[in-house]
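Written out below as structure tokens is the structure these notes cover.
Since this is a predicted model, take the numbers as computed values, not measurements.
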Amino acid sequence: MSSQKKITPTEDELKTALVALKTRYPSLGITKTHSILLASYPDWLVSEKRTRKVLQSEGLILDTPSPQGTDFLYPTSRLIPDLDIPRWTSKVQVRYYDKKKGKGLVAIEDIEEGETIWKEDPFILAPEWAGSAEPDRESWKKAHATILHAFRSPKSPADQKSLARILKKPINPVVEKALFEYDGFLKDLEAHGGLYTLHSHLNHSCTPNVSVRHNDRRTALSRITVIAKRSIVAGEELFITYVNPELDVRRRRQELQAWGFGDCTCVRCLQEAKHMKPEDARMDDLASELKASLGVM
């Protein structure tokens, strides 16, 4: 049984292939880039050492010092000496890790699943009604009524036609409740923004152990409640997710990169990445390139 004969690509062929790969996967390290190279060109015989050399010569290694010898720059992150954590909770403390990761929140006592860890109001509110005070309940009721009227009685013929098309089939009662009842309307408004002092210390994981809820919607819409998703032991870091955890590893990493983060290296991502097919990843990156060219990413 004969095996496929390997060939050694020329320097120009290898350089062209690696530049294309790093354009598609800018945050990948040398080992991962080398693995995808071999998967993309199965008849090539290339050592990781040679891949590294070409990447270095082309300036394609993110953590390689510049010719001036300067280190890679990370956003500044430091502990706040007078941060009054007991104002919110006695269950956590802030820990500084390193200049790359920065800060995080760590449990200083065991926390049970479903337990409220703290509640917090924003120190800066950035709602959809920016420029005015947060409306009271009466104003919310009026806004809810306006939305219902706009949906049920659209003014333009085009919108009326679209509504008739939507309503050809009955709306699922669960969906109708979520969309049109007052509580569902308030829940949708959880997307409005704000800056929260303690919450801003939470790092990302694709398997988060805490969740953030707006449980006081009727009395304080912007107040968040941080709840344990599972039991957390003292010394364990608290994590939320910055992206939809239901997505696969490629989509999660793409969304994180859109926010300026590199590849997530949590345990879940590392495990799922082992089974990621290079050809599928290339299709996802093609979609990202198309979005970027259209200005939608």
Strictly below 4.0 Å, N to O, side chains only: are Arg230 and Glu112 in salt-bridge contact?
no
So does Arg268 pair up with Glu272, basic N to acidic O under 4.0 Å?
yes
Closest heavy-atom contact between [X] and [Y]?
X: Leu256; Y: Cys264; answer: CD1-CB, 3.6 Å
X: Asn244; Y: Glu255; answer: N-OE1, 4.3 Å
X: His34; Y: Val46; answer: CE1-O, 3.0 Å
X: Glu120; Y: Thr197; answer: OE2-N, 2.7 Å
X: Ala273; Y: Val249; answer: N-CG1, 4.3 Å
X: Leu38; Y: Trp44; answer: CD2-O, 4.2 Å

What residues form a ring-ring contact (aromatic ring centres under 6.0 Å, His included) with Tyr96, not counting sequence neighbours?
none
Residues in ring-ring contact (aromatic ring centres under 6.0 Å, His included) with His199, at least two apart?
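Residues passing ring-ring contact (aromatic ring centres under 6.0 Å, His included) with His199: Tyr196.
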Please name all residues satisfying side-chain hydrogen bond (donor to acceptor under 3.5 Å, both in side chains) with Ser231, sequence neighbours left out, ordered by chain then number.
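With neighbours one apart ignored, the set is empty.
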Go through the structure and list residues passing side-chain hydrogen bond (donor to acceptor under 3.5 Å, both in side chains) with Glu237, not counting sequence neighbours.
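Result, side-chain hydrogen bond (donor to acceptor under 3.5 Å, both in side chains) vs Glu237: Tyr97, Lys101, Asn203.
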To the nearest 0.5 Å, what is the distance between [atom1] on [X] and [atom2] on [Y]?
X: His201; Y: Ile240; atom1: NE2; atom2: CD1; result: 12.5 Å
X: Ile30; Y: Lys53; atom1: CD1; atom2: NZ; result: 14.0 Å
X: Leu55; Y: Lys15; atom1: CG; atom2: NZ; result: 11.5 Å
X: Glu48; Y: Ser35; atom1: CD; atom2: OG; result: 7.0 Å
X: Cys269; Y: Arg250; atom1: SG; atom2: CZ; result: 12.0 Å
X: Asp98; Y: Lys103; atom1: CG; atom2: NZ; result: 13.5 Å

Using the rule side chain to side chain contact (heavy atoms under 4.5 Å, CB included), only one of Thr225, Asn215, Val226 pairs with Lys119; which is it?
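Result for side chain to side chain contact (heavy atoms under 4.5 Å, CB included) with Lys119: Thr225.
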Other than Leu247, which residues form its hydrophobic cluster under the rule that side-chain heavy atoms must be closer than 4.5 Å?
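Same cluster as Leu247: nobody, lone residue.
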With a 4.5 Å cut-off on side-chain heavy-atom distances among I, L, V, M, F, W and Y, is there a chain of contacts connecting [X] to [Y]?
X: Tyr242; Y: Leu238; value: yes
X: Tyr41; Y: Leu18; value: yes
X: Leu202; Y: Ile227; value: no
X: Leu21; Y: Val19; value: yes
X: Ile232; Y: Leu198; value: yes

Check for a donor-acceptor pair, side chain of [X] on one end and backbone N or O of [Y] on the other, with a separation under 3.5 Å.
X: Glu236; Y: Val233; answer: yes
X: Glu13; Y: Thr10; answer: yes
X: Asn209; Y: Lys229; answer: no

Pairwise side-chain contact, Arg50 with Leu14, heavy-atom cut-off 4.5 Å (strictly under)
yes
Measuring only between side-chain heavy atoms, which start at C-beta, is Trp118 closer than 4.5 Å to Leu105?
yes
Donor-acceptor pairs under 3.5 angstrom involving side-chain atoms of residues 84-94: please list them, not counting sequence neighbours.
from  : atom 1 : to     : atom 2 : distance (Å)
Thr89 : OG1    : Lys91  : N      : 3.0
Thr89 : OG1    : Ile117 : O      : 2.9
Lys91 : NZ     : Glu115 : OE2    : 2.8

Would you please test His214 and Ile224 for side chain to side chain contact (heavy atoms under 4.5 Å, CB included) and show each step?
CA-CA 5 Å; His214 289 261; Ile224 59 171; 3.8 Å; yes
